[in-house]
*Asks:* 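Shown below is the structure under consideration.
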Amino acid sequence: MPGSTPASLIAEGPEVFRAPELVAGPRLSLRRQAWRRFRKHTLAVASLFILGFLVLGVVVGPLLWRVPMGAIDLSAMLQGPLLDHPFGTNGLGQDLLARMIFGGRISLAVGVAAMAVAVGIGVAVGAIAGMASGRVDAALMWLTDLFLALPQLPLLLLLMYLFRGALRAAFGDEGGIFLLIVVVIGGLRWMSLARLVRAQFLSLREKEFIEAARALGASRARLMLRHLLPNALGPVIVAGTIEVANAIIIESTLSFLGLGFPPDVPTWGHMLYDAQQYLDSAPHWALIPGAAIFLSVLSINFIGDGLRDALDPRRVI
Amino acid sequence: MNAAPPLLAVRGLSKHYSVTGGFLAREIARVHAVDDINLDIERGETLGLVGESGCGKSTTGRCIMRLIEPSAGTISFEGRDVTHIDGEDLRRLRRDMQIIFQDPFASLNPRHTVAGIVGEALVIHRLATGRRQIEERVVQLLETVGLRSDHLNRFPHEFSGGQRQRIGIARALAVEPKLLVCDEAVSALDVSVQAQVINLLEDLQDKFALTYLFIAHDLSVVEHISTRVAVMYLGRIVEVAPARALYDNPRHPYTKALLSTVPIPDPKLKRKRLVLTGEPPNPFNPPPGCHFRTRCPLAEPRCAEIAPALLETMPGHMVACHVTG
């Protein structure tokens, strides 16, 4: 097995090192090693396939399934899954498959983009606080606590209400609301990430390899980007994947309260809320978007787990 | 005394840590980790710094390295005061002094390869440019410390403790320093590996004309490698002497007690052990006068009043004791 020599074979001999002949072949590149570790994570690989399928479905779906998502057919109301409507229909007889495909685009995009905003702000705030210490740290943590103490939902609603009009005018109906939702969700969900990154920095800062880098004359930027951040990454990846799930669910809350996307724009969360009055008569209406949210959130979480392990060179393959 | 200034001169170095608490973070206590230390290290010598854990020897090393800011005192390198330099000046100083750490498992970034770890200094100080040039130099450094070129792309966790320590040494050597602070550099290693690393350090000293500040708590290790030895107790230096003189003829009662704990490699010979009673005093509240008097078999009333100064009793042999000094 080239490249996977167990650590125990590289033992130290008395004067000359033993067992050089056991180290066979050139080493795999770092990326290949990471991929090997990722592949060992069966759940992560399966999740990658599932998420890949979902993404592929929402991207190329409209090309294959040409039923218009807005076409109302009152004669086919609340129909269960059948041949001409594989996912059934909703209360207006609209085709659920078409709506799932379109809604998936929005839901997944909102989830990933809001996560990126939250991780971006959280990592920046946490890293600066953890590096700076003293007054800057105190001020940033005070800000974090302030955001944590804010009542999230009323604030979310207030922000949406205040800026909806302006952004819709500037970026168009869907674009403006997408931007607003992403920024507002990301802007209210970064606090736990900031604290996580700060805590990681505080403990890593005391490690000898950080002192060694300082003794070598590494700049603060170098310390942060090359030494502290890569070592703080594992928990951030896991927390980030949870944020994707959160964002999808918050978006559906907003849609439900009428402050998200307009009612005629289907998102997975929105469909779920529309369906709740018909749970008895048409359970498929709720189950299908629910399963989609569940599957994407779960697979993103597992991929996050796998990624964390893959990016840690200490994991033995 | 000397015409040329010593490589490193430490004068009145102190490091206090404040313990704050209560309303408005008042200072409620203060630890004197290092208390008014004077040290000279001459070019090419190895100064051993010994003392029990918590006595401030590592703090001293880190203050000299400018990894922590001293509370008072000056540090001069090659006659130049470097206590408060920063920015580009400090970066340049980093090329002259390097440090090797105690824990070979914590001192290497687990996410970097050996090439990245050893090559980092080359990148920071632009000592080599381009991948190939850096790699060539790293291989050269690895071979200097007894590792092989095919270790280049391995991660620290794939090595044993002794090999990791060699990587740490290679990293320190990358900038071609003049002074190397070895902070308990072999304490975490097995005895057989310890000997290898010490031999390596001695070879490197000959090869690159290095000067060592060798911090340790193991007297036999220090005796082997040091030219001179300084003994620390609770933040103060109590005795400095050439290694031979210190081991053959210790003057300070603390040094005597320390030496009596070194085992003799002959079961028939028995050393008269000088067992100290009690614990070292609480560093928050050290006794006035001589810090050692609470455990000293020879303590006299005057020891409680005035702290003894470090005085030269014989050429090159300095002791801080009222009774034996």
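Please read all numbers here as calculations on a predicted model, not as lab measurements. Chain letters run A, B, ... following the sequence lines, proteins first, then strands; residues in each count from 1.
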*Asks:* Salt bridge or not between Lys207(A) and Glu211(A)? Use side-chain N to carboxylate O under 4.0 Å.
*Replies:*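 Salt bridge: no.
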*Asks:* Can a cation-pi geometry be assigned to Lys15(B) and Tyr17(B), taking NZ or CZ under 6.0 Å from the six-membered ring centre and within 45° of the ring axis?
*Replies:*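 Yes, Lys15(B) lies over the aromatic ring of Tyr17(B).
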*Asks:* Hey, which of Gly116(B), Pro110(B), Ala172(B), Ala174(B) has the most heavy atom pairs under 4.5 Å with chain A?
*Replies:*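 With the most close heavy-atom pairs to chain A, the winner is Pro110(B).
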*Asks:* Looking at Arg91(B), Arg92(B), Arg95(B), His112(B), which has the largest count of heavy-atom pairs under 4.5 Å with chain A?
*Replies:*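 Among the listed options, the one with the most contacts to chain A is His112(B).
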*Asks:* Highest number of heavy-atom pairs under 4.5 Å with chain A: which of Leu152(B), Asp103(B), Val175(B), Ile117(B)?
*Replies:*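 Of the options given, most contacts go to Asp103(B).
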*Asks:* Take the angle between the ring planes of His227(A) and Phe209(A) and call it parallel below 30°, perpendicular above 60°, tilted in between.
*Replies:*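 Correct class here is tilted.
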*Asks:* Which bit of Val123(B) is near chain A, if near means a heavy-atom gap under 4.5 Å: side chain, backbone, both or neither?
*Replies:*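 Interface part for Val123(B): side chain.
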*Asks:* I need the residue from Met97(B), Arg94(B), Arg171(B), Gln98(B) with the largest number of non-hydrogen atom pairs under 4.5 Å to chain A.
*Replies:*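 Max contact count across the listed options: Arg94(B).
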*Asks:* Against chain B, label Leu311(A) side chain, backbone, both or neither, depending on which of its atoms sit under 4.5 Å from a heavy atom there.
*Replies:*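 Backbone plus side chain of Leu311(A), per the 4.5 Å heavy-atom cut-off to chain B.
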*Asks:* Take a 6.0 Å sphere around CZ of Phe53(A) and say whether it holds more than 12 heavy atoms from other residues, nucleotides or ligands.
*Replies:*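 No, the 6.0 Å shell around CZ holds no more than 12 heavy atoms from other groups.
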*Asks:* Looking at chain A, which one of Arg62(B), His125(B), Gln102(B) has the largest number of heavy-atom pairs inside 4.5 Å, strictly under?
*Replies:*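 Top option by heavy-atom pairs under 4.5 Å: Arg62(B).
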*Asks:* Under 4.5 Å heavy-atom distance to chain B, tell me which part of Arg226(A) shows up: side chain, backbone, both or neither.
*Replies:*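 Both backbone and side chain.
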*Asks:* Checking heavy atoms, do the side chain of Ile99(B), its backbone, both or neither come under 4.5 Å from chain A?
*Replies:*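 Just the side chain, heavy atoms under 4.5 Å.
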*Asks:* Closer than 3.5 angstrom, by distance alone: can the side chain of Arg205(A) be matched with the main-chain N or O of Gly130(A) as a donor-acceptor pair?
*Replies:*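 Present.
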*Asks:* Examine whether an atom of Arg66(B) lies under 4.5 Å from a heavy atom of chain A, and if so say whether it belongs to the side chain, the backbone or both; otherwise answer neither.
*Replies:*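 It is the backbone, since no side chain atom gets that close.
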*Asks:* Strictly under 6.0 Å, is that where the ring centroids of Phe159(B) and His151(B) end up?
*Replies:*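 For Phe159(B) and His151(B), the ring centres are under 6.0 Å apart.
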*Asks:* How long is the gap from CZ on Phe201(A) to CG on Asp137(A), to the nearest 0.5 Å?
*Replies:*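 Separation between the atoms: 12.0 Å.
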